[in-house]
Amino acid sequence: MYQAFLIKYGEIGIKGKNRHIFEDTLVSQTANALKHADGEFTVRRENGRIYVQAQSAFDFDEAVEAMKQVFGIVGISPVVLTEDEGFERLAESVIDYTQKAFAKQDFTFKVVTRRARKNYPMDSMEVSAALGERLLEAFPGLKVDVHHPQVTLHVEIRNKINIYSHTIPGPGGLPVGTAGRAMLLLSGGIDSPVAGYMTARRGVRIDAVYFHAPPYTSERAKQKVIDLAKSISRYTGPIRLHVVNFTEIQLYIYDKCPQDQMTIIMRRYMMRLAEHFAGEDGSLGLITGESIGQVASQTMQSLAVTNEVCTMPVYRPLIGLDKQDIIDIAQKIGTYETSILPYEDCCTIFVSKHPVTKPNLKSILKSESHLNERIDTLMEEAIKTAETIRIE
Ligand code: ATP
Ligand code: MG
């Protein structure tokens, strides 16, 4: 029934001079996303809006699903296009639309008409009033309510006439690539994929780093992280995933440092290495899935000690969320099922049963000094042997 979509975008409408960049990015990302849907589409910018027009028969659900993955899109309105063949034909089209677009014709409504073409023989108010009357005649269950209508029926007179009333919510946010790059510390858990999603939703392009510890962690655990990266790349676009072998560093820390400081010291080395890859990729910050108080390594004290090694800003978009909030998002974006697969991640193998929850920086620094002999070499080795996988 529909031949086009009108894309609504929120915030990006108010970005002043940058507006064109945002809109162009949104146009090209919408076009890219639609390549995954059955059908041919053109996407264009017109008078501060974006139009998607089908050039062939297409799969409606696939098209909507694709557009729901484009950050920056606030709403997607399916549009019926008709030729302009006089008011009578228009009224018939609007009645036909109302018949098909609603299961039951028993709502309050108003008609809003816009003329992009001023040569139309009636003005907007006249068209709206006349269409309203025709709809009331056609459907006894309808009622006009100009202040709080349940349905606003939009009629836009352009080269063709556009009729629409529904808006399907989009993901919101800003188009990816309009805000710079950041490096996501991606583990196989529930949190970090969500953290990546949320940061990308603000327009940030994402790369990722994963620390594994073969043979203590399996190939399946690595594949799980690759799968998670693939899942979020539907939203974030391509991701460079650096897979870093962390085994030797972990064993060395295990050997030289107190058991109860193991996790926190490991986390500090992860941050240091992540910063290295961030620098190489032109990232402006790190992203983690940390949330205050979730586990011992995420108390305020632990976060402070972990953060101490970083020179880049560390973004923690989940900081104030409860686990259940995070799970809800993970389910919505389709990462949850993969995240809960039971494969071990590198942290769970060496962790102490009673980790410090209030680490003292001085004491941590003292423990780390026991690593002086080999740690630089091991870090270099980890960097040199890292594998970079391009996730599309
Ligand atoms: P997640 O669900 O993201 O694994 P978590 O609740 O298991 O988080 P931690 O294990 O304390 O929390 O890790 C905190 C954050 O550190 C993660 O969200 C992730 O950003 C990063 N991280 C932890 N382990 C790894 C790893 N093996 N590789 C890359 N990043 C990691
Ligand atoms: Mg984890």
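Counting starts at 1 for both ligands and their atoms, following the listed order.
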Is atom CD of E219 surrounded by more than 12 heavy atoms (other residues, nucleotides or ligands) closer than 6.0 Å? no

Atom CD of residue position E40 - does it have more than 12 heavy atoms of other residues, nucleotides or ligands inside 6.0 Å? no

Straight-line distance of L90 CG to Y120 OH, nearest 0.5 Å: 5.0 Å

Compute the shortest N/O to N/O distance between [X] and ligand 1 and return yes if it is under 3.5 Å, no if not.
X: G289; answer: yes
X: P193; answer: no
X: V209; answer: no
X: F211; answer: yes
X: Y210; answer: no

Of Q250, E290, Q298, the residue with the heavy atom nearest atom 12 (O) of ligand 1 is Q298

Please find the pair of heavy atoms, one from S192 and one from L185, that lie closest to each other, and give the distance. CB-O, 3.2 Å

State which residue, out of F107, F109, F139, fulfils the ring-ring contact (aromatic ring centres under 6.0 Å, His included) condition with F102. F107

Using heavy atoms and a threshold below 4.0 Å, how should the contact between L184 and ligand 1 be classified: side chain, backbone, both, or neither? neither

Answer side chain, backbone, both or neither: which part of R267 comes under 4.0 Å from ligand 1, heavy atoms only. side chain

What atoms in ligand 1 come closer than 4.0 Å to a heavy atom of [X]?
X: I190; answer: 2 (O)
X: G189; answer: 1 (P), 2 (O), 4 (O)
X: D191; answer: 1 (P), 2 (O), 3 (O), 5 (P), 6 (O), 8 (O)
X: L186; answer: 28 (N), 29 (C), 30 (N)
X: T288; answer: 20 (O)

Please lay out, stage by stage, how R272 and E275 fare under the test salt bridge (Lys or Arg N to Asp or Glu O under 4.0 Å). CA-CA 5 Å; R272 289 179 173 109; E275 243 193 39; over 6 Å; no

Stepwise, does the salt bridge (Lys or Arg N to Asp or Glu O under 4.0 Å) test hold for R45 with D24? CA-CA 8 Å; R45 202 151 62 103; D24 289 345; 3.2 Å; yes

Please step through salt bridge (Lys or Arg N to Asp or Glu O under 4.0 Å) for the pair D281 and R240, ending with a clear verdict. CA-CA 9 Å; D281 284 359; R240 283 181 294 225; 3.6 Å; yes

Before accepting this row, confirm whether a basic side-chain N of the pair K256/E373 lies closer than 4.0 Å to the acidic partner's carboxylate O. no

